[in-house]
Amino acid sequence: MGGYEAVIGLEIHAELKTRSKMFCSCDASFGGEPNTKTCPVCLGLPGVLPVLNRRAVELAVRLALALNCRIAERCIFHRKNYFYPDMPKNYQISQYDLPLGLGGHLDLETEEGPFRVGITRVHLEEDTGKTVHMSESGRIHGSEYSLEDFNRAGVPLLEIVTEPDIRTPEQARLFMQELKSIMEHLEVSDCKMEEGSLRCDANVSLRPRGSSGMGVKTEIKNMNSFRALYRALDYEISRQREILENGGEVVQETRHWDADANVTTPLRTKEYAYDYRYFPEPDLVPLELDRGFIDEVRSSLPELPAERRRRFREEYGLPAHDAALLSSSKAMGDYLESAVAAGAPPKAASNWMLGEISAYLNARGLEIGDLKVTPDRLAELIDLVEKGTVSVTMAKSVLEEMLESGRRPREVVEERGMAQISDRAELERLVEEVLEENPKVVEDYRKGKEKALGFLVGQVMRRTGGKANPRMVSDLLAQRLGGGS
Amino acid sequence: MEELHQAKAWELMEMMRRREVSAAEILHSVKGRVESVEERVRSYITLTLDQAERAAREADKALAEGKDPGPAAGIPMAVKDVLCTKGVPTTCGSRILENYTPVYDATVVSRLRREGLTMVGKANMDEFAMGSSTENSAFGPTRNPWDLERVPGGSSGGSAAAVAAGEAVWALGSDTGGSIRQPASFCGLVGLKPTYGLVSRYGLVAFASSLDQVGPITRDVRDCALLLSLIAGHDPRDSTSLEVELPSYAEGLEGGIEGMKVGVPRELMQEGLTPGVRECVERCLSLFRELGAEVEETTLPHLDYALSAYYIIAPAEASSNLARYDGVRYGLRVEGEDMLEMYGKTRAAGFGAEVKRRIMLGTYALSAGYYEAYYGQAQKVRTLILGDFRRAFERYDVLVSPTSPTPAFRLGEKVEDPLAMYLSDVCTIPVNLAGIPAISIPCGLEDGLPVGLQIMGKVLDEATLLRVARAMEEAIGFRERPQVGRGVG
Ligand SMILES: [Zn+2]
């Protein structure tokens, strides 16, 4: 990094997982034909009034508490005024100087040790609709007209602003992963970046290492995945460093991450000095959150990822790295717990999940929720291995079939006649046969040629079409040969 | 004998239930009036006589079957064009909504529909309720039935003129700074601005959300009480609507005012009152005493700043409320080269001068760097005014003042002078800032024009307010009616 360090703050927007929108009873779910999930209220028709969705408030309080924020017992909504066609009222109901949550933090575990990111504020606001520009590029330039879809207009949105405590793209990515995981555990948001239910902008500036001042910052937008976040920050830091090292000055501006070209570019809109003319929303009464309500929400908070990680390490005896991976998404952690509850030893379940299963999911771009193999069937497969019914190699092949069909492992094993021969008498008979037929190899072994044993094991396996329990075969041979010398 | 279109709603209700008259006959009489005077008075933007006829038929059918069709049934009503009516154009007196038809009914409208609403039409108004004369309507002014050269007041001028001229028996208006009380006063009628939150604002097209209230314009206090009880009450669609148990407003009307304490705020009796207005109000003060009430001059010192605070707060809220009229989704659109030009052209063509003036005032007052000096300061003044009223109501049951410093002024007299026009609401505005209820009742004439007495009450104490108004109505004995121009009456 040379003589500079980066100062990064994030501004995150997450759509809350409520059934209805923030101020009306319209369906808040994703998708649907344009403008089918709308009503006079979320279309901003003349005369309509907002009515606050209590569930949105509860979810917001949940997250704010999980982020260790102070919850305002009385907060108010403000109108943020600006003209944009995706905003039906040309103002957004948001929060301004009295947000719902203030002054929290999130602790991260990094390879360099623990790391704390301050949370400036958490507040509630409404989402906007979506503008579709009718041009080949889908951009406004050159489009003949644009269409508006208000299905998302009025969906409750949580805004989370961090302190500028982040120093590297890796920390930013870690923060986002942990935040996403927390929101999943709390069931407050779907956190799908591709559907826009989780969005992240970043403020980036550089300053001489050791200085506590703040350099000129740029705001980076359009980072649609964790990978994009990492790469955009990485790019922007190098860009700014290069400018500063050449004696130049960073321009304060908003820049757009172009994932195809791997660069950030200044947004080409005209520069407006936006004045949002915030003022208290007169159509809503102040939101009073009494202690009792806050305590109730607090006591109903589920286990958070950090706690789960600790439990996976301490109770399941998993290595820190595995515990972290398995608790990074709620679904992964839930899967592991279900498999363990179905009898699987945690370490074995963890190995299968982080090995074959993760490889399968990654190769196909699937998520754990898409998996056809249920946790109890994974447990059953592990049991077959533990009991010696199938070898690990065979189990891998059984799992392949299970991943495609979701069938029970026992069924697959029986159908394929894969059950391992672990019958001692049967194996002894085969061992005798092989020894008789290979006197020369036996002699070699006895002369100290260790490799000869492997050859003999291979011969037994061949006779059984690979079904002999290799460990037993190996033990029997060693016993037989050792006993004879 | 008086004609049906001149009767009070409660009289007509009783007559219908005694089968002395049918809803069809009442409507016929009102329709006749519309035919003979509407061309000169121009109370309505949209007439809905077909709907009214259907409602009247249903009322008669129900009565014939011995069922109660509801208190609003068969009583022809004018509804201010600021209230959304499903399937009936709702223009707010603006070019920008000239072709706009709502897909839903305002809560007050749907409540009245359940009670048999017989709507004659949508009444004319100052554009987006901004004005005190109904001259700011994009569809031309309404004239005062008492003198066609004069304004009916505003912004609910169409509602008041319709009731005064016999084109409706009662009406709904909306009041942000006096828009029910001042036209009621100018037209010799009773007009009530309820406590903020008593009547739902859902479907009332917003001017200034923290000040707007819907209320009745009627021929007497009993009608006012009846109509109030039909529209008041909690609405889950309006977060600012209050959850309170409602008294029966009509029941306690005759209770009298003996022993009550009446305060007269000095600040509302200052310069600017015409001699006739002063005389009428002073006569009322004697009547209060005669009825056994104690009358005392008092002071609410911060009322002197009410007008200034109002002209910050109301335009600020309006600038935001009216932002949605942008040509994107409904209403007028004037095409432009790009979106910004379309916005500009649409709003330039769609809004009138007064609306533009207030949007600019409000935008300025909320701007970064000015917010504290204007909006912040105005809110502080509002809190002080509220405190003044609270203290006054510790001593007094009601406060009284003129409704307007003058009787109806001439058309065109104040159009070019916004400040003079704003001063017309100097007595009514403090009430909206404080959120308290107030009623205007006719209390005399000055040069043949009606003068209104404003009675202000405690929050949610409409019952006392109406009882006082009823006692004074009786004592004043105002019986005059407008002639609607020469030769027509
Ligand atoms: Zn909706």
Side-chain angles (χ1 to χ4, degrees), chain A residues 23-25 35 38-53 77-93 96-97 129 131 133 140-141 143-148 150 153 269-270 272-287, chain B residues 82-84 90 92 94 97 100 102-107 128 197 200-206 208-212 235-241 313 316-317 319-331 338-340 342-343 347 362-371 375-376 379:
Chain A
F23 298 116
C24 63
S25 55
N35 298 312
T38 58
C39 73
V41 174
C42 55
L43 287 176
L45 297 187
V48 297
L49 297 171
V51 177
L52 183 61
N53 181 340
F77 289 91
H78 269 72
R79 289 189 187 176
K80 181 180 183 180
N81 295 283
Y82 63 101
F83 278 77
Y84 203 76
D86 65 10
M87 222 169 31
K89 304 182 290 294
N90 282 324
Y91 60 81
Q92 180 190 31
I93 303 179
Y96 184 52
D97 53 0
T131 307
H133 299 299
I140 191 161
H141 300 282
S143 66
E144 202 182 319
Y145 60 96
S146 305
L147 297 172
E148 291 298 336
F150 294 109
T269 53
K270 292 179 206 164
Y272 293 108
Y274 275 117
D275 178 355
Y276 293 121
R277 293 174 286 120
Y278 280 101
F279 75 103
E281 166 58 283
D283 287 332
L284 290 169
V285 291
L287 176 59
Chain B
V82 74
L83 287 162
C84 288
T90 299
C92 295
S94 181
L97 288 177
Y100 176 69
V103 295
Y104 74 99
D105 275 328
T107 296
F128 286 104
S200 168
R201 291 186 298 117
Y202 189 76
L204 166 69
V205 180
S209 313
S210 73
L211 303 160
D212 297 341
D235 177 9
R237 289 179 184 275
D238 176 359
S239 309
T240 62
S241 114
I313 293 168
E317 292 180 9
S319 71
S320 173
N321 283 330
L322 270 61
R324 69 190 65 194
Y325 309 111
D326 58 5
V328 173
R329 284 147 296 125
Y330 50 79
D338 56 24
M339 196 178 69
L340 280 180
M342 187 274 281
Y343 282 163
R347 290 166 68 84
T363 304
Y364 184 81
L366 291 175
S367 298
Y370 297 98
Y371 181 91
Y375 191 81
Q379 289 295 3

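Just so it is clear: chains get the letters A, B, ... in the order the sequence lines come, proteins before strands, and each one is counted from 1. Values below: every heavy atom of this structure, side chains too, minus hydrogens, waters and symmetry copies.
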Which region of Y104(B), side chain (C-beta onward) or backbone (N, CA, C, O), has a non-hydrogen atom less than 4.5 Å from a non-hydrogen atom of chain A, or is it both or neither?
side chain

Do E317(B) and Y375(B) have side chains that get closer than 4.5 Å, going by heavy atoms?
yes

So which atom in R237(B) and which in T107(B) form the shortest heavy-atom distance, rounded to 0.1 Å?
CD-OG1, 4.4 Å

Please look at A368(B) and chain A and tell me whether the side chain, the backbone, both or neither of the residue comes under 4.5 angstrom of a heavy atom of that chain.
both

So which part of Y100(B) gets closer than 4.5 Å to some heavy atom of chain A, the side chain, the backbone, both or neither?
side chain

Between chain A and each of N321(B), L97(B), V82(B), L83(B), count heavy-atom pairs under 4.5 Å; write down the option with the most.
N321(B)

Taking the six-membered ring for Trp and the full ring for Phe, Tyr or His, determine whether the centres of Y364(B) and Y370(B) are under 6.0 Å apart.
yes

For F150(A), which atoms come within 4.5 Å of any heavy atom of chain B: side chain, backbone, both, or neither?
side chain

Less than 4.5 Å to any heavy atom of chain A: does that hold for the side chain of T90(B), its backbone, both, or neither?
neither

Distance-only polar pair, side chains of D235(B) and S241(B), donor-acceptor under 3.5 Å
no

Between D326(B), V103(B), L211(B), who has the most heavy-atom pairs with chain A when the cutoff is under 4.5 Å?
D326(B)

If one checks every heavy atom of P236(B) against chain A at 4.5 Å, the contacting part turns out to be backbone

Looking only at atom types and distance, does a side-chain atom of D86(A) sit under 3.5 Å from a main-chain N or O of T131(A), one as donor and one as acceptor?
no

Between S319(B) and R277(A), which heavy-atom pair has the shortest distance, and what is it?
OG-NH1, 4.0 Å

At a 4.5 Å cut-off on heavy atoms, which part of A316(B) comes close to chain A: side chain, backbone, both, or neither?
backbone

Are side-chain N/O atoms of R201(B) and T240(B) paired as donor and acceptor at under 3.5 Å?
yes

Is R324(B) atom CZ crowded by more than 12 heavy atoms from other residues, nucleotides or ligands, each under 6.0 Å away?
yes

Please classify the contact between P85(A) and chain B as side chain, backbone, both or neither, with a heavy-atom cut-off of under 4.5 Å.
both

Is F279(A) in contact with chain B via its backbone, its side chain, both, or neither, using a 4.5 Å heavy-atom distance?
both

